[in-house]
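Within every chain, numbering begins at 1; the chains are lettered A, B, ... in the order of the sequence lines, protein sequences first and strands thereafter.
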2 protein chains.
Amino acid sequence: MENVDLDTVNKVKPKMPDTTLLYELSDFFKLMGDSTRIRLLWALEENEMCVGELALLLNMTKSAVSHQLKALRSAKLVKAQKRGKNVFYALSDHHVRTVLEMALEHVAE
Amino acid sequence: MENVDLDTVNKVKPKMPDTTLLYELSDFFKLMGDSTRIRLLWALEENEMCVGELALLLNMTKSAVSHQLKALRSAKLVKAQKRGKNVFYALSDHHVRTVLEMALEHVAE
DNA sequence: ATTATAGTTGAACAACTGTTCAACTGTCAA
DNA sequence: TTGACAGTTGAACAGTTGTTCAACTATAAT
């Protein structure tokens, strides 16, 4: 004897996005849900930088930075370019900028 | 003998947002970075619903749903209203809608 | 060739996260 | 008041995550 409105549930059910899409969506947000990665993205929005510069800027080890850059890279949020001994990273998509600004607006209110 | 451009680092450093803001920002994304919570938000965008309905819709226990709703509630993303034996949840802010659609656009490309 | 630096990688570890379970509160109906 | 149902809560557990460490590759300079 459940006290739920089945009509409501059945009305909403077909409007839910595809499961695959939902996972991609939450994976995207998961990637942003870490202060280190957010800082990396923010920094790269200002300037392309190599791993050592990013490490210095964020006061972290190169290893830690490299690990996080790898995550951002496999999500295609940043791209890497090797020049000499250095690997320079840059935003691959300025869609990211919009989302960041959007969220900042939400948070800052 | 570090091979980094200190000028770049020093130029970017003051442009980085305040630490507190960065944490709020990543906390916000962290909250979205879970498929259950995303689905809850999506569902509530269609209709306010009680815990039992949400549990049915998402095929989860009421307990699990309740736990996640609590997280969303303390972040002020949803609001609760008790009516009789039921507790109805609704989006407290349709800023959320914009961010979701924004991100969806990014993911869906 | 040798050495030093830049960056990457994988394993290990601690910290955190989401779900389950069981016990609980509060509300309605009989 | 008793019973049934809606929802909440905290502890426990497994799975995941981020950083560290040490070993590694690759490039440049001497």
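Using bins of under 30°, 30° to 60° and over 60° for the plane-to-plane angle, the ring pair Phe29(A)/Phe29(B) lands in the parallel bin.
When all heavy atoms of Ala90(B) and Glu48(B) are compared, the pair lying nearest together is CB-CB, 4.0 Å. Smallest separation of non-hydrogen atoms from Asn10(B) and Pro14(B): O-CD, 3.0 Å.
Spacing between atom CG of Leu31(A) and atom P of dT16(D) amounts to 17 Å, rounded to whole angstrom units. Remark: C1' of dA6(D) and CG of Asp5(A) are 16 Å apart, rounded to the nearest angstrom. As rounded to whole Å, 12 Å separates atom P of dT19(D) from atom CG of Asn59(A). In this structure, CG of Leu56(A) is placed 15 Å from C1' of dT5(C), rounded to the nearest angstrom. One atom, CD of Gln81(B), and another, P of dT8(D), lie 13 Å apart when rounded to the nearest Å. Residue Met60(B) contributes atom CE, which lies 13 Å from atom P of dT8(D) at whole-angstrom precision. One can place CG of Leu58(A) at 17 Å from C1' of dT20(D), the figure rounded to the nearest angstrom. Going from atom NZ of Lys82(A) over to atom C1' of dA28(D) covers 11 Å, rounded to whole Å.
Using a 4.0 Å cut-off, some side-chain N or O of Gln68(A) falls inside it from OP1 or OP2 of dT19(D). One finds a side-chain N or O of Arg37(B) lying less than 4.0 angstrom from the OP1 or OP2 phosphate oxygen of dG18(C).
One N or O on the side chain of Asp18(B) and one on the backbone of Thr20(B) form a donor-acceptor pair closer than 3.5 Å. Of the possible polar contacts, one joining the Arg37(A) side chain to the Lys30(A) backbone as a donor-acceptor pair under 3.5 Å is found.
If you find the closest nucleotide of DNA chain D to Thr36(A) and to Gly84(A), the one lying nearer the 5' end belongs to Thr36(A).
Residue contacts for Arg83(A): at a heavy-atom cut-off of 4.0 Å it reaches no nucleic acid atom on any strand shown.
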Hey, what are the protein-to-nucleotides 7-10 of chain C N/O distances that come in under 3.5 Å?
unit_1  : atom_1 : unit_2   : atom_2 : d
dG7(C)  : OP1    : Val51(A) : N      : 3.2
dG7(C)  : OP1    : Val87(A) : N      : 3.3
dG7(C)  : OP2    : Gly52(A) : N      : 2.7
dT8(C)  : OP1    : Tyr89(A) : OH     : 2.6
dT8(C)  : OP2    : Ser66(A) : OG     : 2.7
dT8(C)  : O5'    : Ser66(A) : OG     : 3.3
dT9(C)  : O4     : Ser63(A) : OG     : 2.8
dG10(C) : O6     : His67(A) : NE2    : 2.9

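Hydrophobic clustering keeps Phe88(A) apart from Leu6(B) (ILVMFWY residues linked when any side-chain heavy atoms are closer than 4.5 Å, directly or through intermediates).
Between Leu25(B) and Leu100(A) there is a side-chain heavy-atom pair separated by less than 4.5 Å.
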